[in-house]
Amino acid sequence: MRFSYTLKACMAAACFMAASVSAHAEDQLARIKKAGVLVMGTEMQFAPFDFLKDGKQEGFNKEFFAEVGKGLGVKVRFIDLPWPSVLPGLDAKKFDMVAGPLNVTKARMERYHFTLPIADGTVALLKRASDKSLQKPSDIAGKVVGGGKGSAQLAQLKEYADTLNPKPQIREYIDNNQAYADLAAGRIVAVGNSLTNIAYVAQQRPQMFAVVKPAFGKKVYFAYMGMKGADSDSLIQAVNNVILAMHKDGRLAALQKKWFGVEMDVPTGAFVPNV
């Protein structure tokens, strides 16, 4: 009896260990496919990528990740957060990836894993269409401008501001809509953001806003971001495979033209960021 009990106990322990090893062997992509849902953290105040219309999500990200969901065989769910909460949410593993998208920078690549780029994220200025005093980026010298708190675009705006004399005063905003509202009200003279974003804003409200050309920022690209490490490698590669397929069959170019107004030339392989 004691032998039989011992044998059963050993078999149970072996089964438990096998199950534990199997569970441990599942990486992030396997867990997502098992759950049937890819969870994305985002801020829905970042048109044309993510924004709310009549209380419902609209924009590039919604349509792009619909294609990713098809490619992975899962549903996609978005969690809307203030931007300063998005990266901490990824660090805490509250969602699988950040939809943003974000500028690919050297510092971020050390900490996170990026997909292939999907758009040009070079920084430029948005002004009031009636403001004739801003004809070029350097005209913000000595004036008050705004940018998104915690964003790479704000970092580039600050870097550019340091080259001007007198330096402009920079106000930081929790979301871009607040910055655009202050711009419309005349509380600031310009907003620094990616050319992709502000071109869309100016296109939607041409009587109110205009883009200051040329762009002043370094050449950067937008991409989606996940956690760094072997656990997430297959997920990022799976998303990259969808991106490459969308390049090949024209779906990505069609989305770019729909939401940004132009098709964009972005890298389809490894590259070194300029920032």
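- Taking CG of Leu252 as the reference point, atom NE2 of His247 lies at 5.0 Å (rounded to 0.5 Å).
- Side chain of Gln156 to backbone of Lys218: a donor-acceptor contact under 3.5 angstrom is found.
- For Met264, the CE atom sits in a packed shell: over 12 heavy atoms of surrounding residues, nucleotides or ligands are nearer than 6.0 Å.
- Phe60 and Phe260 have parallel rings, their planes meeting at less than 30° on a 0 to 90° scale where 60° marks the start of perpendicular.
- Looking at heavy atoms from C-beta onward, Ser194 lies out of side-chain contact with Val123 at the 4.5 angstrom threshold.
- The minimum heavy-atom distance between Ala47 and Tyr200, with the atom names listed, is CB-CE2, 3.5 Å.
- Between Met40 and Val98, the closest side-chain pair of non-hydrogen atoms is not below 4.5 Å.
- The aromatic rings of Tyr180 and Phe209 are tilted relative to each other, their planes meeting at an angle between 30° and 60°.
- Closest of all the heavy-atom pairs between Pro206 and Ala129 is O-CB, 3.8 Å.
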message = For Lys106 and Arg108: C-alpha separation, side-chain torsions, deciding distance, then whether side-chain contact (heavy atoms from CB on, under 4.5 Å) applies.
response = CA-CA 6 Å; Lys106 294 175 184 176; Arg108 284 174 173 168; over 6 Å; no
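- With ring centers used as reference points, Tyr224 lies under 6.0 Å from Phe64.
- The distance from atom CG of Asp27 to atom OG of Ser232, rounded to the nearest 0.5 Å, is 8.5 Å.
- The two atoms that bring Ala141 and Pro168 nearest to each other are CA-CD, 4.4 Å, heavy atoms only.
- Under a 4.0 Å N-O distance rule, the pair Lys167/Asp162 qualifies as a salt bridge.
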task = Decide side-chain contact (heavy atoms from CB on, under 4.5 Å) for Leu29 and Ile236; before the verdict, give the C-alpha distance in whole Å, the side-chain angles of both, and the deciding distance to 0.1 Å.
result = CA-CA 9 Å; Leu29 178 61; Ile236 300 300; over 6 Å; no
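- Linking ILVMFWY residues whenever their side-chain heavy atoms come closer than 4.5 Å, directly or via other members, places Met44 and Phe49 in the same cluster.
- Remark: the backbone N or O of Leu183 is paired with a side-chain donor or acceptor of Arg128 at under 3.5 angstrom.
- Aromatic ring pairs are classed by plane angle as parallel below 30°, tilted from 30° to 60° and perpendicular above 60°; the pair Tyr221 and Phe271 is perpendicular.
- A distance of 6.0 Å or more separates the ring centres of Phe95 and Phe78.
- Ion pairing between Arg111 and Asp91 holds under the 4.0 Å rule for side-chain N and carboxylate O.
- Across all their heavy atoms, Ala99 and Asp50 have their closest contact at CB-OD2, 4.3 Å.
- With rounding to the nearest 0.5 Å, the separation of NZ in Lys93 from CD in Gln28 is 8.0 Å.
- Looking only at atom types and distance, the side chain of Asn176 has a donor-acceptor partner in the side chain of Asn193 under 3.5 Å away.
- Residues Pro137 and Phe216 share a closest heavy-atom pair of CB-CB, 4.0 Å.
- Remark: the backbone N or O of Ile118 is paired with a side-chain donor or acceptor of Gln256 at under 3.5 angstrom.
- The closest donor-acceptor contact from the side chain of Asn274 to the backbone of Lys219 lies under 3.5 Å.
- Under a 4.0 Å N-O distance rule, the pair Asp139/Lys127 does not qualify as a salt bridge.
- In this structure, the separation between CG on Leu134 and CG on Leu126 is 10.5 Å, given to the nearest 0.5 Å.
- Following chains of ILVMFWY side-chain contacts shorter than 4.5 Å, one cannot reach Leu195 starting from Val145, and the two form parts of different hydrophobic clusters.
- Under the 4.0 Å criterion applied to side-chain N and carboxylate O atoms, Asp54 and Lys56 are not assigned as salt-bridge partners.
- Counted by atom type alone, Thr122 and Asp120 present one or more donor-acceptor pairs between their side chains at under 3.5 Å.
- Rounded to the nearest 0.5 angstrom, Met225 CE and Met109 CE are separated by 12.0 Å.
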request  = Test Ser133 against Asp131 for side-chain hydrogen bond (donor to acceptor under 3.5 Å, both in side chains), laying out the working first.
outcome  = CA-CA 6 Å; Ser133 69; Asp131 187 351; 2.5 Å; yes
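- Considering only heavy atoms from C-beta on, Leu87 comes within 4.5 Å of Tyr112 through its side chain.
- Residues Arg187 and Val144 fail the side-chain proximity criterion, which asks for heavy atoms closer than 4.5 Å.
- Looking at Glu110 and Lys228, no side-chain N of the basic residue comes within less than 4.0 Å of a carboxylate O on the acidic one, giving no salt bridge.
- Within a 6.0 Å sphere centred on CG of Asp249, other residues, nucleotides and ligands contribute more than 12 heavy atoms.
- When only modelled atom types and interatomic distance are considered, Thr115 and Asn240 share no side-chain donor-acceptor pair under 3.5 Å.
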key: Residues Leu235, Ile32; criterion side-chain contact (heavy atoms from CB on, under 4.5 Å); working and verdict   = CA-CA 9 Å; Leu235 171 60; Ile32 288 168; 3.7 Å; yes
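- If you chain together hydrophobic residues whose side chains sit under 4.5 Å apart, Val201 and Ile140 never meet in one group.
- Between Ala202 and Ala210 the shortest heavy-atom distance is CB-CA, 4.3 Å.
- Listed for the Arg31 side chain is a donor-acceptor partner under 3.5 Å among the backbone atoms of Glu26.
- In this structure, a donor-acceptor pair under 3.5 Å is absent between the side chains of Gln237 and Asp233.
- Val191 and Val220 are not part of a single hydrophobic cluster, where members link through side-chain heavy atoms under 4.5 Å apart.
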request  = Please lay out, stage by stage, how Ile170 and Lys158 fare under the test side-chain contact (heavy atoms from CB on, under 4.5 Å).
outcome  = CA-CA 8 Å; Ile170 299 176; Lys158 288 181 175 179; 3.7 Å; yes
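- Taking the side chain as every heavy atom from C-beta outward, Lys149 and Asp175 never approach each other to under 4.5 Å.
- The shortest distance between side-chain heavy atoms of Lys143 and Gln169 does not fall below 4.5 Å.
- At a threshold of 4.5 Å between side-chain heavy atoms, the hydrophobic network of Ile, Leu, Val, Met, Phe, Trp and Tyr places Val189 and Leu164 in one connected group.
- Residue Gln45 holds its CD atom at 10.0 Å from OG1 of Thr42, rounded to the nearest 0.5 Å.
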